[in-house]
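A note on names: the letters A, B, ... follow the listed sequences, proteins ahead of strands, and every chain is numbered from 1.
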Amino acid sequence: MTNYSPKEIESKWQAAWENTQIHKAIDFDNKPKYYSLVMFPYPSGDLHMGHMRVYTISDVISRHRRMCGFNVLNPMGFDAFGLPAENAAIERKTHPKQWTQKNIDYMKNQQLKRMGTSYDWDREVVSCNSDYYKWTQWLFLQFYKNKIAYQKEAPVNWCPKCQTVLANEQVEDGMCWRHDDTLVERKMMRQWFLKITQYAEELLNDLDKLQGWPERVKLMQKNWIGKSVGAELAFSIVGHENLKIPVFTTRPDTAFGITYLVVAPEYSLISKLTLPENKDKVEEYIKKAGHLTEIERLAENKEKTGVPLGTFAINPFTNEKIPIWTSDYVVLDYGTGAVMGVPAHDERDFEFAKKFNLPIQQVISPDGLTRNLDEAFTASGIMINSGSFNGLSNEEGKIKITEHAAKNNCGSFRVTYRLRDWLISRQRYWGAPIPVIYCDSCGVVAVSENELPVLLPEEDIEFTGLGGSPLLRASDWLNTKCPSCKKNAKRETDTMDTFICSSYYYLRYADAKNNKEAFEKKKVNYWLPVDQYVGGIEHAILHLLYSRFFTKALRDFGLLNFDEPFTNLLSQGMVTMFSPKEGKIAKMSKSKGNVVGTSEFFDQYGADAARLFILFASPPEQEVEWSTQGAIGQYRFLERVWRLFFNLRENTSLFLFDKFIEINIEEPVLKDLYRVANYTIKTVSEDISKEKYTFNTAIARMTELVNSMYKFIIGKTSYNDIEKQVLSFSITNLLKLLAPFAPHITEELWERLSGSYSVHQQKWPTYDEAALITDEIQLVIQIGGKKIDVLTTKKGLPQKDLEIMALNQERVKLRLDGKELVKVVVVPDKIVNIVVK
RNA sequence: GCCCUUGUGGCGGAAUGGUAGACGCAACGGACUUAAAAUCCGUUGGUUUGAACAAAGCCGUGCCAGUUCGAGUCUGGCCAAGGGCACCA
């Protein structure tokens with residue numbers, strides 16, 4: 001017997017798989033297709049055990065589905081544009097491209113392949129290569145043509161560390177998502193946006209179609225989209241007969257209680273609406289508000305501030321003059337950028353009115369009475385002080401008031417979303433250039449499709465990190481001719497958010513080498529949607545929302561035929577470990593100083609053991625704490641499998657055997673082993689299915705089978721024919737069941753067992769239903785629901801017999817003495833519960 | 001503040017409303033060995049009675065109620081931890 005040497009066999013089989021191309025996905029194959037996808041990584045340079053998890057989960061699924069007879073697409077690529085490469089360039093004076101390429105080579109060959117993953121590398125995509133970003137740019141042009149990409153001047157989030165603007169989704173608690181210590185600043189800038197809000201309703205509604213998504217992810221998206229139903233009311237302005245201020249409200253029922261209006265400091269009409277004598281104060285206020293960081297503006301207990309503009313509006317319901325104010329508690333890009341102030345029934349308005357002594361008019365009451373309010377009354381109630389609407393419930397009032405406003409031309413029903421348009425320009429070099437040219441005579445002109453790609457200039461670029469994007473100084477590149485009038489013009493220097501690249505990579509995999517189009521429609525419609533997507537919860541909104549939006553927009557452009565890109569989603573939990581820096585268990589990451597590298601462990605114990613541990617230690621959605629001790633435990637399990645195999649081969653001339661045993665097995669211990677083997681096939685198959693994905697219990701069941709086999713063979717050196725069959729059956733099927741989890745050791749043992757290649761091309765086993773039937777059961781006897789005794793009896797006895805048997809047990813009799821028997825509940829073959837008084 | 005999720009041994013975690021703690025880690029004991037490591041076989045929730053390595057009892061799934069013959073599992077309330085949103089009108 002040789003020793004189990006993972007290092008040797010793992011590299012041997014990795015080479016064999018590559019040479020024989022057994023993981024190739026075939027376009028339009030006869031077998032049913034299965035698209036298994038894992039979120040492609042950013043090539044940061046070094047994967048650690050924390051990264052292993054997602055690839056392992058996805059690989060187990062891919063390998064299992066192949067054995068089940070699917071034509072599996074399991075691709076891999078790199079999300080290769082982005083800031084770290086550029087920052088590395090600034091620090092180390094290398095080019096971002098070289099840095100990125102070096103990292104990709106290392107991750108691909110030294111890490112992903114060594115883990116035993118089964119990717120079809122022929123379909124690799126690298127988003128920073130021009131044969132990929134050409135299509136990123138082409139898609140941008142489609143968005144532009146369809147008026148979904150547009151420019152606007154807007155208050156944007158600026159990260160001083162990234163030196164660029166960020167999308168809303170990329171700001172967390174007022175901090176940059178990449179720098180949780182860096183406050184995002186607010187700036188007014190002219191920027192490129194994608195009109196994701198046009199799809200808000202569909203993005204929300206189609207969440208219901210995503211039966212295979214975790215509820216929490218759908219809920220997060222729902223909250224992010226943030227639909228509110230209400231009304232828009234328009235207010236005339238005293239002295240400006242042709243102007244109106246529209247406001248959005250969810251409480252039109254409180255219209256009679258409006259005592260003022262507030263507009264955002266950035267509101268476009270603000271200077272027009274400001275009286276000369278208020279001008280200085282208002283301008284000063286606007287300036288101050290503009291300088292606040294997001295966190296200061298949103299601070300929870302921040303006292304309300306604001307100044308009056310001096311002009312008045314008319315409340316169309318009461319015909320009263322109400323003052324117009326500006327305050328930073330109103331944000332420009334939600335609703336209409338203006339709100340109606342109803343202090344009696346809104347906490348924020350109440351606070352504002354108290355501070356500035358504005359009138360408070362109660363119009364909703366729980367009991368119909370008016371009283372002095374100490375705080376805003378925000379609950380439901382009856383309408384009062386509301387003219388002809390008095391006495392209505394406020395819910396009815398919402399409808400009646402809006403209808404009334406519509407009739408009088410000062411309002412309508414309206415729905416608003418919290419979702420904002422996606423800001424996609426970035427003031428950085430290492431991204432796909434936005435294919436647009438600025439011409440003094442023609443204005444904004446799109447680069448024509450046959451001029452693509454707009455290549456990133458690579459020569460003579462200096463990375464200093466100062467003075468904005470290096471593209472601003474690449475004069476040969478920057479200065480160009482206008483596509484329409486041929487006069488001198490300048491290129492757009494902003495590049496695209498890298499989330500654009502990752503919003504369609506899963507489509508490109510279907511046709512990765514196509515140099516004529518982004519993808520052939522037929523191929524995309526064949527492979528997509530993705531059957532199983534695996535990735536981290538951190539993309540619950542970001543990448544997953546953007547990709548859903550892309551799919552819907554591309555469908556509307558006629559490029560594909562489906563509504564949702566990812567049918568099933570598995571959000572795996574993070575890998576944690578004790579961090580000495582934080583003094584607690586934390587997500588494994590370089591910055592927290594708690595990473596465990598892959599190479600050392602692979603060298604000593606093998607990728608198979610690492611894969612098993614990471615799957616075994618907890619269910620996939622939960623966190624898992626890395627423990628090298630625990631992983632060694634799985635290495636020991638593999639050694640046990642290895643030794644068991646050679647022990648049996650020496651003593652029983654083990655052979656490939658996967659037929660069911662038809663004759664009745666007499667020997668009870670052997671019969672039980674056969675039952676356990678079949679039970680293992682059943683449960684592992686269930687645990688690995690998409691309804692469960694409980695790889696931890698699947699591995700536990702296989703461990704139990706191995707333990708049972710050890711118990712069976714202990715002290716035995718010779719075996720009869722039927723024993724040889726049962727043992728061969730158990731080993732043959734164990735190797736197949738274990739193959740997706742531990743692909744190398746099973747391949748090696750399979751070759752030794754069968755002399756053939758490959759275990760990964762075997763059919764997934766089925767189990768012998770008859771073997772699972774036992775003729776004895778454990779009957780539990782309870783008194784008042786508490787376990788008293790357990791009897792082993794024949795299966796299928798009548799209820800009455802079980803009851804008599806239970807009542808005759810000594811331990812039962814002892815306890816029933818002097819008590820009154822109320823009733824006996826019998827669950828056949830399971831339990832007898834005796835109820836006493 | 002609003003919404004969601006999770007609370008089970010020393011630890012990670014198992015349990016279609018029916019024997020709580022599968023499987024693994026750690027710990028301990030035995031066999032093998034000159035010895036150690038490795039391996040194989042066991043023990044391991046707490047507690048009480050008992051001379052006992054015999055045997056038996058009681059308690060136990062965050063806390064308090066409820067439904068049920070029976071609750072880790074279902075319902076309501078509370079506590080704690082984690083996550084999402086947040087001056088969104």
Side-chain angles (χ1 to χ4, degrees), chain A residues 3 172-174 214-224 226-228 230-231 247-251 254 262 264 297-302 304 327-331 333-342 345-349 351-352 416-420 537-538 540-541 576 612-613 616-619 621-634 636-637 639-640 643 694 696-707 710-711 713-715 778-791 811 814 822-827 829-836:
Chain A
N3 287 325
E172 293 168 354
D173 281 333
E215 284 306 319
R216 61 171 171 159
V217 174
K218 288 193 274 185
L219 194 71
M220 279 162 75
Q221 292 214 353
K222 186 182 169 208
N223 291 338
W224 187 261
K227 180 177 182 174
S228 0
V247 303
F248 172 74
T249 179
T250 54
R251 296 295 306 272
T254 62
V262 199
R297 179 162 167 158
L298 300 180
E300 202 165 332
N301 294 321
K302 191 194 150 208
K304 293 271 181 293
S327 169
D328 62 5
Y329 87 89
V330 176
V331 297
D333 51 0
Y334 181 77
T336 63
V339 305
M340 59 189 215
V342 185
H345 305 291
D346 182 282
E347 282 165 22
R348 294 150 302 178
D349 297 348
E351 201 188 319
F352 192 78
T416 295
Y417 303 89
R418 212 189 63 93
L419 181 71
R420 311 289 159 85
I537 187 72
E538 66 274 16
I541 294 171
T576 63
L612 276 186
F613 172 74
F616 175 74
S618 76
E621 298 90 348
Q622 256 177 65
E623 287 183 3
V624 53
E625 190 186 343
W626 174 264
S627 149
T628 299
Q629 266 313 314
I632 292 170
Q634 294 304 314
R636 278 202 289 264
F637 166 64
E639 272 193 316
R640 267 165 79 79
R643 273 193 299 268
T694 48
N696 53 333
T697 49
I699 293 166
R701 294 294 90 79
M702 291 188 275
T703 309
E704 280 169 338
L705 174 59
V706 171
N707 290 347
Y710 266 91
K711 273 196 194 122
I713 65 166
I714 185 167
Q778 303 278 300
L779 183 74
V780 176
I781 299 170
Q782 298 182 330
I783 294 179
K786 274 190 198 166
K787 181 178 73 175
I788 301 302
D789 212 343
V790 183
L791 305 178
R811 310 167 76 152
L814 215 70
V822 178
K823 69 167 166 176
V824 181
V825 180
V826 182
V827 182
D829 292 339
K830 267 205 178 134
I831 212 158
V832 177
N833 189 13
I834 301 160
V835 187
V836 293

Novice: Report yes if the side chains of T703(A) and R640(A) come closer than 4.5 Å at any heavy-atom pair, otherwise no.
Specialist: no
Novice: Does K304(A) make a side-chain donor-acceptor contact with the base of C87(B), cut-off 3.5 Å?
Specialist: yes
Novice: For nucleotides 58-67 of chain B, read 5' to 3', which letter fits each nucleotide if B means a protein heavy atom sits under 4.0 Å from the base, S means only the sugar-phosphate is that close, and - means neither?
Specialist: -S--------
Novice: In chain order, what residues pass the side chain to side chain contact (heavy atoms under 4.5 Å, CB included) check against N223(A), with sequence neighbours excluded?
Specialist: L219(A)
Novice: Check this for me: does any side-chain nitrogen of one of K218(A) and E215(A) sit under 4.0 Å from a carboxylate oxygen of the other?
Specialist: yes
Novice: For RNA chain B, what string of dots and brackets results from 5' to 3' when Watson-Crick and G-U pairs need both distances under 3.5 Å, crossing pairs get [ ], and pairs with another strand get |?
Specialist: (((((((..(((.....[....))).(((((.......))))).(((((.....)))))..(((((..]....))))))))))))....
Novice: Starting at CD1 of I714(A) and ending at C1' of G30(B), how long is that distance when rounded to a whole Å?
Specialist: 12 Å
Novice: Between protein and nucleotides 80-83 of chain B, what N or O pairs are separated by less than 3.5 Å?
Specialist:
none

Novice: Starting from C1' on G84(B), measure out to NZ on K218(A) and report it in whole angstrom.
Specialist: 17 Å
Novice: With sequence neighbours left out, write down each residue that passes ring-ring contact (aromatic ring centres under 6.0 Å, His included) with F352(A), or none if nothing qualifies.
Specialist: Y260(A), W325(A), Y329(A), F356(A)
Novice: Within the structure provided, determine whether R811(A) and I781(A) are in side-chain contact (heavy-atom separation under 4.5 Å).
Specialist: no
Novice: Using a heavy-atom cut-off of 4.0 Å across all strands, would you classify S228(A) as base, sugar-phosphate, or nothing?
Specialist: sugar-phosphate
Novice: Mapping N223(A) and R418(A) to their closest nucleotides on RNA chain B, which lands nearer the 5' end?
Specialist: N223(A)
Novice: Taking O4'-C1'-N9-C4 for purines and O4'-C1'-N1-C2 for pyrimidines, is G70(B) syn (within 90° of 0) or anti?
Specialist: anti
Novice: From the set C87(B), G57(B), C85(B), return the single nucleotide nearest to any side-chain atom of R811(A).
Specialist: G57(B)
Novice: Map E639(A) and V835(A) onto RNA chain B by nearest heavy atom, then report which one ends up closer to the 5' terminus.
Specialist: E639(A)
Novice: Between the protein and nucleotides 18-25 of chain B, list the N/O to N/O atom pairs that are separated by less than 3.5 angstrom.
Specialist:
from   : atom 1 : to      : atom 2 : distance (Å)
G18(B) : N2     : Q782(A) : OE1    : 3.4
A22(B) : O2'    : E704(A) : OE2    : 2.3
A22(B) : N3     : R701(A) : NH2    : 3.2
G24(B) : OP1    : N707(A) : ND2    : 3.3
C25(B) : OP1    : R636(A) : NE     : 3.3
C25(B) : OP1    : R636(A) : NH2    : 2.8

Novice: Quick one: label Y710(A) by what it contacts on the DNA or RNA (base, sugar-phosphate, nothing), any heavy atom closer than 4.0 Å.
Specialist: sugar-phosphate
Novice: Show the numbers, then the answer: is there a side chain to side chain contact (heavy atoms under 4.5 Å, CB included) between R643(A) and Y710(A)?
Specialist: CA-CA 10 Å; R643(A) 273 193 299 268; Y710(A) 266 91; 3.8 Å; yes
